2 protein chains.
Amino acid sequence: MNQDAAPTKKRRRAPEERRAAILEAARAAFAERGFAKTTVRDVAHRAGVTHGLVLRHFGSKEQLFLAAVPSPRTLMAEVAGDPKTLPARIARAYVRRMAESGGSDPFVAMLRAVASEEETAKRLFTVMQEDSLEMYRHVIPGPKLEERVAAVGAHLIGVTFSRYIFRSGPLASMSDEQLVRQLTRHLRGILLDQDD
Amino acid sequence: MNQDAAPTKKRRRAPEERRAAILEAARAAFAERGFAKTTVRDVAHRAGVTHGLVLRHFGSKEQLFLAAVPSPRTLMAEVAGDPKTLPARIARAYVRRMAESGGSDPFVAMLRAVASEEETAKRLFTVMQEDSLEMYRHVIPGPKLEERVAAVGAHLIGVTFSRYIFRSGPLASMSDEQLVRQLTRHLRGILLDQDD
DNA sequence: TCCACTGATGACCAATTGGTCAGTAGCAAC
DNA sequence: GTTGCTACTGACCAATTGGTCATCAGTGGA
């Protein structure tokens, strides 16, 4: 990911590097502007190449999305552990992850794409949700697990929307630390909910 | 007499009716497919007119959005009343409203449009949030009002996303009644939260 | 130095789409 | 019927964009 001004005369012979640069550029672009508003030329420009090359490497815009967006799911491994402190761990892991990418996490890209009815993104999102359900399944006790996990997911989606997509209001200006605290409390309320 | 096959035979001389039909079609289309994926021709077709007429009436796609999407704000009036039962009232009002429109409420259209970085939609959304904050302000006691209202809003956004945009998972298949109950509990947890 | 290989370019294409506008057709009054 | 009005149509346009491909140029090997 270089941000050179003009089309630098790139050293050649580094196809893998360029491929990675394109993927990185795509991730950022999709997260920042959504699938529809991101053009292949956008991505190419950010990566310092021509759009022809992008298509040559990835075949189509959709395949580019597919290659760029799926994030290392490893983070969710934090779920394992004492159910008592689970809400706090989820909150911390979520906030840290978003902060690391400066708000252009693939999760944001996926939400944006799903909101535009991109079939590909919906499929990815489904997989992601199923995976995370599976993780929770071993950790959380009590009935109606699915419903509570879905509610936690929805809450996180809403927070992400407010903070990283809409980017306005208290949730957007709140410090990471305060967000972790607030999120911990709210997630606890949802997760420990004993329903009807 | 030429009575076209597909397009309605439409009696003329009812410009207001047609205008309304276009607005209705626009609302549905924007809610179902998002701003970017909705074409002026889509809307025109749904309303049984040509895209030329749509543009003639509303000037541009953006102005059409602006004319169609802002929803009657009246619903939020339900907020007033005993703070004790507020969560339940919010939950009921929300679920009823979404159910009435069969999931193509303007709120959905706005979320989709905001997720695509439509400036117009972001402005509308800002106004809507400010209005609702104002309503809550008279009703809810305690400190950090803004943060708690924002959290409630975020939760509702997330639920809307899961149930009416992504349309998959427990939140999507849950009955209206169960959703009201679950939402009531979760909103209560957020609203009554005594924070740091 | 010359050659072969392939990463990379950029011209080109077709489809889509928002937007314009001159002309048409339905309606009412005379 | 004729005339006048205007809602409405559909042809047209320009810009955008995803995608293709002939051609070029940097690189390593002989």
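Per chain, numbering begins at 1; letters A, B, ... match sequence-line order. These numbers come from a predicted model, not from an experiment.
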Rounded to the nearest 0.5 Å, what separation is found between the CZ atom of B/R33 and the CG atom of B/D42? 5.0 Å

When the distance from CZ of A/R18 to C1' of C/dA8 is rounded to whole Å, what number comes out? 7 Å

Minimal non-hydrogen separation, B/A31 against B/R112, with atom names: O-NH1, 2.5 Å

Would you please confirm or rule out a distance under 4.0 Å between OP1 or OP2 of D/dA7 and any side-chain N or O of B/H57? no

Picking from D/dC8, D/dT20, C/dT9, which would you name as closest to the side chain of A/T50? C/dT9

Whole-Å gap separating C1' (D/dT16) and CG (A/D42): 12 Å

Rounded off to whole Å, could you give me the CZ-to-C1' distance for the A/F30 and D/dG18 pair? 12 Å

Taking the minimum atom-to-atom distance to the side chain of B/R56, which one of C/dG18, C/dT9, D/dT9 wins? D/dT9

Would you kindly give the CZ-to-P distance between A/F65 and D/dG18, to the nearest whole Å? 14 Å

How many whole angstroms separate atom CZ of A/F58 from atom C1' of D/dT20? 18 Å

d(NE2, B/H51; C1', D/dG10) in whole Å: 8 Å

Over how many whole Å does the gap from B/L55 atom CG to D/dC12 atom P extend? 18 Å

Ring centres of B/F35 and B/F65 under 6.0 Å apart? yes

Nearest-nucleotide pick for A/V49, side chain only, options being C/dT20, C/dT9, D/dC8: C/dT9

Nearest-nucleotide pick for B/K61, side chain only, options being C/dT9, C/dG19, C/dC12: C/dG19

Which nucleotide in the list D/dT9, D/dT17, C/dT17 gets nearest to the side chain of A/R41? D/dT17

Mind running salt bridge (charged side-chain N to carboxylate O under 4.0 Å, His left out) on A/K37 and B/E118 for me, showing each step along the way? CA-CA 10 Å; A/K37 279 210 162 162; B/E118 291 310 325; 3.5 Å; yes

Closest non-hydrogen atom pair between B/P141 and B/R148, with its separation: O-NH2, 3.0 Å

Expressed as a whole number of angstroms, how long is the span from A/L53:CG to D/dA22:C1'? 16 Å

